[in-house]
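Remarks on the structure that follows.
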Amino acid sequence: MEYRCVQCGFRIKTLFVQYSPGNIRLMKCVNCKAVADEYIECELMIVLIDLILHKPKAYRHVLFNVLNHESTHFQGLLWKSLVGFLVLDAYRSLLVKKPEEEWGTSMSISSFFWIYRKMLVDVFLGNYMFLCSFFLAIKSLLKTSARFSSFRDLLLAILISSYFKILLIAMMVWEFPPAVIYIIDLFVFSSNTVALKVITKSTMNRCIGACFIAHVVRFCITQAFS
């Protein structure tokens with residue numbers, strides 16, 4: 001199993017040496033001579049803050065050193081992340097549709113089925129086209145510099161970097177203006193871009209272009225069936 005230096009992305013065989021329980025020594029990267037992964041000794045809150053700040057080293061820590069594709073639980077984590085991604089997207093679709101419809105006992109059966117038809121289209125067709133356009137954009141825009149080990153690695157990076165969708169849960173408790181949904185979408189877009197840059201080691205402009213194409217395609221699909 002190989003890990004990555006969070007500073008430069010260089011491959012490293014081990015992140016620390018454990019002498020006894022609670023007594024470890026962090027290894028240094030042979031390439032940049034810095035500590036390979038200082039997040040090992042950090043609290044989870046520090047990692048979350050750096051993820052929110054879009055620090056590439058925090059994304060390397062999560063995507064390479066925590067969610068390593070060679071680990072035994074990788075496949076289960078991939079499916080759980082996909083289900084969570086789709087559930088949050090379904091709730092987003094309902095939030096977008098809610099201001100446009102009159103919710104309550106007076107809602108007709110046809111209106112009820114129309115709302116859930118749109119939700120299914122947004123969640124399944126929208127995300128299918130999103131992922132297809134994402135990978136096609138990567139293949140065309142990043143073909144000279146992309147380096148990732150497998151389709152699964154890239155898929156998990158997209159799902160995990162969409163963690164800002166969790167903020168939609170807050171809208172179950174507090175009332176926010178509809179514009180907040182699109183602000184969350186912007187955060188998801190920027191997070192996807194950073195994760196793509198970390199995974200592919202491509203330039204930021206190319207990663208922004210690939211993510212922009214995928215998100216625009218998804219937006220057009222959902223609007224066409226609304």
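Using modelled atom types, one finds a donor on one side chain and an acceptor on the other under 3.5 Å when comparing His54 with Ser190. Side-chain atoms of Arg25 and Tyr19 form a donor-acceptor pair, as typed in the model, at a separation below 3.5 Å. For the 3.5 Å distance criterion, the side chains of Asn192 and His215 qualify, holding a donor opposite an acceptor.
Evaluation of the side-chain contact (heavy atoms from CB on, under 4.5 Å) rule for Leu44 yields Leu48 as partners, not counting sequence neighbours. Taking the salt bridge (charged side-chain N to carboxylate O under 4.0 Å, His left out) definition, one finds that Asp50 meets it with Lys55, sequence neighbours left out.
In this structure the side chain of Met171 reaches within 4.5 angstrom of the side chain of Ile181, judged on heavy atoms. In this structure, Leu63 and Leu156 have side chains that are not in contact, with every pair of non-hydrogen atoms separated by 4.5 Å or more. Within the 4.5 Å cutoff, the side chain of Cys5 has no heavy atoms near those of the Asn31 side chain. At least one side-chain heavy atom of Phe189 sits under 4.5 Å from a side-chain heavy atom of Ile208. Ser191 places none of its side-chain heavy atoms less than 4.5 Å from the side chain of Ser162.
Relative to the six-membered ring of Phe85, Lys165 meets both conditions, a distance below 6.0 Å and an angle of at most 45° to the axis.
In this structure, the separation between CD1 on Ile199 and CG on Leu155 is 11.0 Å, given to the nearest 0.5 Å. The CG atom of Leu125 sits 9.5 Å away from atom OG1 of Thr222, with the distance rounded to the nearest 0.5 Å. Atom CG of Leu88 is separated from atom OH of Tyr163 by 14.0 Å, given to the nearest 0.5 angstrom. Remark: Ile158 CD1 to Leu196 CG distance equals 7.5 Å, nearest 0.5 Å. Put simply, CZ on Phe219 and CE on Met129 are 15.5 Å apart, with the number rounded to the nearest 0.5 Å. The CG atom of Asn127 sits 4.5 Å away from the CG atom of Asp89 when rounded to the nearest 0.5 Å.
In the hydrophobic cluster analysis, where Ile, Leu, Val, Met, Phe, Trp and Tyr join through side-chain heavy atoms closer than 4.5 angstrom, Met204 is grouped apart from Ile213. Both Leu86 and Leu77 are members of a single hydrophobic cluster when ILVMFWY side chains are connected at heavy-atom separations under 4.5 Å. Note on Ile52 and Val180: same hydrophobic cluster, where clusters join Ile, Leu, Val, Met, Phe, Trp and Tyr whose side-chain heavy atoms are under 4.5 Å apart, directly or indirectly. No continuous path of hydrophobic side-chain contacts links Leu136 to Phe212 [ILVMFWY only; heavy atoms under 4.5 Å]. Under the 4.5 Å side-chain heavy-atom criterion for grouping Ile, Leu, Val, Met, Phe, Trp and Tyr, Val123 is connected to Leu120 within one hydrophobic cluster.
Ion pairing between a basic and an acidic side chain is recognised when a charged N comes within 4.0 Å of a carboxylate O; Arg218 and Asp122 show no such pairing.
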Steps toward ring-ring contact (aromatic ring centres under 6.0 Å, His included) verdict (Phe134, Phe130):
CA-CA 6 Å; Phe134 206 105; Phe130 168 74; 5.6 Å; yes
Between Arg206 and Thr200, is a side chain to side chain contact (heavy atoms under 4.5 Å, CB included) present by the stated rule, with each step listed?
CA-CA 10 Å; Arg206 290 176 180 268; Thr200 64; over 6 Å; no
Step by step, work out the side chain to side chain contact (heavy atoms under 4.5 Å, CB included) result for Val17 and Leu26.
CA-CA 7 Å; Val17 175; Leu26 299 181; over 6 Å; no
Are His61 and Glu38 close enough, and set up right, to give a side chain to side chain contact (heavy atoms under 4.5 Å, CB included), and what steps lead you there?
CA-CA 9 Å; His61 168 74; Glu38 70 268 24; over 6 Å; no
Please report the C-alpha distance between Cys32 and Phe10 in whole Å, then the side-chain angles of each, then the deciding distance to 0.1 Å, and finally whether the side chain to side chain contact (heavy atoms under 4.5 Å, CB included) criterion is met.
CA-CA 8 Å; Cys32 65; Phe10 193 76; over 6 Å; no
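Closest approach of Ile40 to Phe16, counting heavy atoms only: CD1-CD2, 3.7 Å. In plain terms, the two heavy atoms of Gly9 and Lys201 that are nearest each other are O-NZ, 3.6 Å. Heavy atoms only, all atoms of each residue included: Ile221 and Gly126 are closest at CG2-CA, 4.2 Å. The shortest non-hydrogen separation linking Cys29 to Ile12 is CA-CD1, 4.4 Å. Nearest approach of Val198 to Tyr59, heavy atoms of both residues: CG2-CB, 3.9 Å. Taking all atoms of both residues into account, the shortest heavy-atom contact from Val194 to Pro56 is CG1-CA, 4.4 Å.
Taking the six-membered ring where tryptophan is involved, the planes of Phe164 and Phe187 are essentially parallel, since the angle between them stays under 30° and well short of 60°.
A donor-acceptor pair under 3.5 Å is absent between the side-chain atoms of Ser81 and the main chain of Leu159, judged by distance alone. Remark: side-chain polar atoms of Lys33 are paired, donor with acceptor, to backbone N or O of Val30 under 3.5 angstrom. For the pair Tyr39 (side chain) and Ile46 (backbone), a donor-acceptor distance under 3.5 Å is absent. Remark: side-chain polar atoms of Asn65 are paired, donor with acceptor, to backbone N or O of Arg4 under 3.5 angstrom.
Residue-environment remark: CD (Glu43) stays at or below the threshold of 12 foreign heavy atoms within 6.0 Å.
In summary, of the residues considered (Ile24, Val35, Asp37), a side chain to side chain contact (heavy atoms under 4.5 Å, CB included) with Leu15 occurs for Asp37 alone.
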